[in-house]
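Comments concern the structure below.
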Protein chains: 2
Amino acid sequence: MPQFRAFTPEELKFIASFKIGELNAETGTVVLQEGAHNAHLYTLLSGWAFRYKTLEDGRRQILNYMLPGDLLGLQGSVIGDMEHSVEALSPVVLCVFRRDKLDELFRNHPGLGFDIAWLASREERMLDEHLLSIGRRSALERAAYLLAFLHKRAEAVQASKGELIVLPISQLHVADTLGLSIVHTNKTLRKLADRGLIRWLDRTCRVLDVAGLMELAGWEGPSERRRPLI
Amino acid sequence: MPQFRAFTPEELKFIASFKIGELNAETGTVVLQEGAHNAHLYTLLSGWAFRYKTLEDGRRQILNYMLPGDLLGLQGSVIGDMEHSVEALSPVVLCVFRRDKLDELFRNHPGLGFDIAWLASREERMLDEHLLSIGRRSALERAAYLLAFLHKRAEAVQASKGELIVLPISQLHVADTLGLSIVHTNKTLRKLADRGLIRWLDRTCRVLDVAGLMELAGWEGPSERRRPLI
DNA sequence: CGTCAGTTTGACACGAATCAAAGTGAGTGG
DNA sequence: CCACTCACTTTGATTCGTGTCAAACTGACG
């Protein structure tokens with residue numbers, strides 16, 4: 001159950017003035033290209049997406065996944081060009097901010113400025129976890145961590161609590177997130193499925209036993225406090 | 001040559017009011033412990049440090065290195081407990097902020113608030129690069145990337161341009177950053193040394209050929225625009 | 001019916017971990 | 001001054017995890 005903080009009327013008005021429109025991305029559509037001089041900052045309102053980087057020869061590393069409430073393109077907004085690419089995993093609705101209004105946001109809406117810092121620091125924490133995982137966990141532990149992580153995230157933004165949680169990713173996504181080959185990823189996921197921890201169906205994953213995954217990975221889970229939505 | 005932005009007099013006064021004192025950490029001293037409820041936000045004024053996380057069984061992953069101008073403990077300040085540990089690589093001087101003044105900072109000093117977001121987003125970009133490196137580069141490429149990266153960072157904060165740049169890290173640090181074993185790290189660094197790209201001396205590293213390292217790693221280098229110091 | 005993305009499996013190769021052991025130099029205490 | 005320890009570096013032998021290659025299977029789609 002996400003805890004959305006209440007916005008002041010002025011903040012809401014400011015936010016509304018930037019919602020240029022809705023971008024409805026088809027599954028798999030490239031939303032934002034690495035290197036593009038992108039003058040906008042986005043908030044994901046609904047859907048799943050992921051950020052990634054590639055080496056010249058095509059090797060791809062998925063950096064993190066984006067769920068509703070996540071900020072997108074902050075780096076582009078604050079620093080300059082986008083340093084990574086973004087792709088949608090499901091139809092996505094974005095809220096668009098103009099970058100050149102960022103100064104105004106910090107000046108006139110310090111609460112929103114703080115939220116941006118909060119979101120950036122939360123993203124940092126997730127990346128820290130991913131680094132630990134890729135750097136020091138075995139393939140099986142990594143896979144367990146990733147699926148537990150995504151399940152927890154999905155759970156946190158799930159509107160209706162009863163609804164079945166499905167992770168809309170393919171094994172190729174898992175491979176590119178964990179830094180493994182597809183073949184080995186498949187064999188690893190098979191082991192998890194054989195242990196009854198997950199089930200793979202239709203290029204989606206269902207987590208059957210989050211606690212089991214977390215124990216296998218040695219992961220404590222996220223420790224969130226407050227959760228703004230902008 | 002770092003580009004420090006100019007602070008307004010009010011900002012300077014505000015900053016000065018939080019410089020509680022100097023922490024002079026001996027080399028290798030643990031400055032901040034993971035999990036500690038740390039009520040402060042730090043800025044590194046001089047020296048080198050690094051952030052890391054560990055698994056229960058002791059496996060350690062270094063997340064990033066901290067050089068003068070870097071923010072430290074933002075996660076703890078904005079979110080709650082520290083999620084990682086920090087250790088100094090050389091005597092370090094920190095500027096200490098009280099966390100409970102963070103709201104005031106965003107409210108009364110939007111420029112500084114923006115700087116914090118800027119720094120957070122820069123850290124995010126560095127973590128992105130590290131993820132790509134650990135996930136998808138070979139051992140040799142990873143090592144080349146890391147040393148080029150650190151050399152560039154050191155160069156950027158180096159006061160006198162003529163001075164010889166030395167990276168104050170041991171091979172164990174390199175191993176724990178790259179997600180490799182010490183033994184293999186040693187063999188990998190040896191290859192770089194044999195190619196004349198680096199020289200290892202006295203638990204420090206000297207980069208002899210940054211361009212060579214960058215080419216080997218397929219790394220373009222950082223693309224910084226503006227650089228605040230807070 | 002063919003194509004194509006995604007999943008699955010087996011055989012083999014290779015990169016990196018592990019094991020073992022020794023060398024170096026700084027620091028310490030006798 | 002020497003002997004000792006300790007952190008760090010180095011090297012070789014061997015093992016093991018993961019990558020690569022190859023091929024087949026599935027279901028969606030045109």
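Proteins get letters first, then strands, A, B, ... in listed order; numbering begins at 1 in each. Note that the structure is a prediction, hence the values are computed from the model and not measured.
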Output the rounded distance in Å from [atom1] ([X]) to [atom2] ([N]).
{"X": "A:Ile134", "N": "D:dT18", "atom1": "CD1", "atom2": "P", "result": "13 Å"}
{"X": "B:Lys191", "N": "D:dT10", "atom1": "NZ", "atom2": "C1'", "result": "15 Å"}
{"X": "B:Gln171", "N": "C:dG23", "atom1": "CD", "atom2": "C1'", "result": "14 Å"}
{"X": "A:Asp176", "N": "D:dG19", "atom1": "CG", "atom2": "C1'", "result": "14 Å"}
{"X": "B:Asp194", "N": "D:dT10", "atom1": "CG", "atom2": "P", "result": "10 Å"}

message = Which label fits B:Phe50 and B:Tyr65: parallel for a plane angle under 30°, tilted from 30 to 60°, or perpendicular past 60°?
response = tilted
Salt bridge check: are [X] and [Y] linked by an N-O gap of less than 4.0 Å?
{"X": "B:Asp128", "Y": "A:Arg51", "value": "yes"}
{"X": "B:Asp115", "Y": "B:Arg122", "value": "no"}
{"X": "B:Asp176", "Y": "A:Arg136", "value": "yes"}

key: OP1 or OP2 of D:dT9 under 4.0 Å from side-chain N/O of B:Arg203   = no
task = Assess whether side-chain contact (heavy atoms from CB on, under 4.5 Å) is satisfied between B:Leu146 and B:Leu178, documenting all intermediate values.
result = CA-CA 8 Å; B:Leu146 176 63; B:Leu178 303 183; 3.8 Å; yes
ask   = Among D:dT11, D:dC8, C:dT8, which nucleotide sits nearest the side chain of A:Asn186?
value = C:dT8
ask   = Between A:Leu167, A:Leu192, A:Asn186, A:Val174, which is the residue that forms a side-chain contact (heavy atoms from CB on, under 4.5 Å) with A:Trp200?
value = A:Val174
Protein-nucleotides 12-21 of chain C N/O pairs under 3.5 Å:
{"from": "C:dA16", "atom 1": "OP1", "to": "B:Ala139", "atom 2": "N", "distance (Å)": "3.1"}
{"from": "C:dA16", "atom 1": "OP2", "to": "B:His184", "atom 2": "NE2", "distance (Å)": "3.2"}
{"from": "C:dA16", "atom 1": "O5'", "to": "B:His184", "atom 2": "NE2", "distance (Å)": "3.4"}
{"from": "C:dA17", "atom 1": "OP1", "to": "B:Ser181", "atom 2": "N", "distance (Å)": "3.1"}
{"from": "C:dA17", "atom 1": "OP2", "to": "B:Ser181", "atom 2": "N", "distance (Å)": "3.1"}
{"from": "C:dA17", "atom 1": "OP2", "to": "B:Ser181", "atom 2": "OG", "distance (Å)": "2.9"}

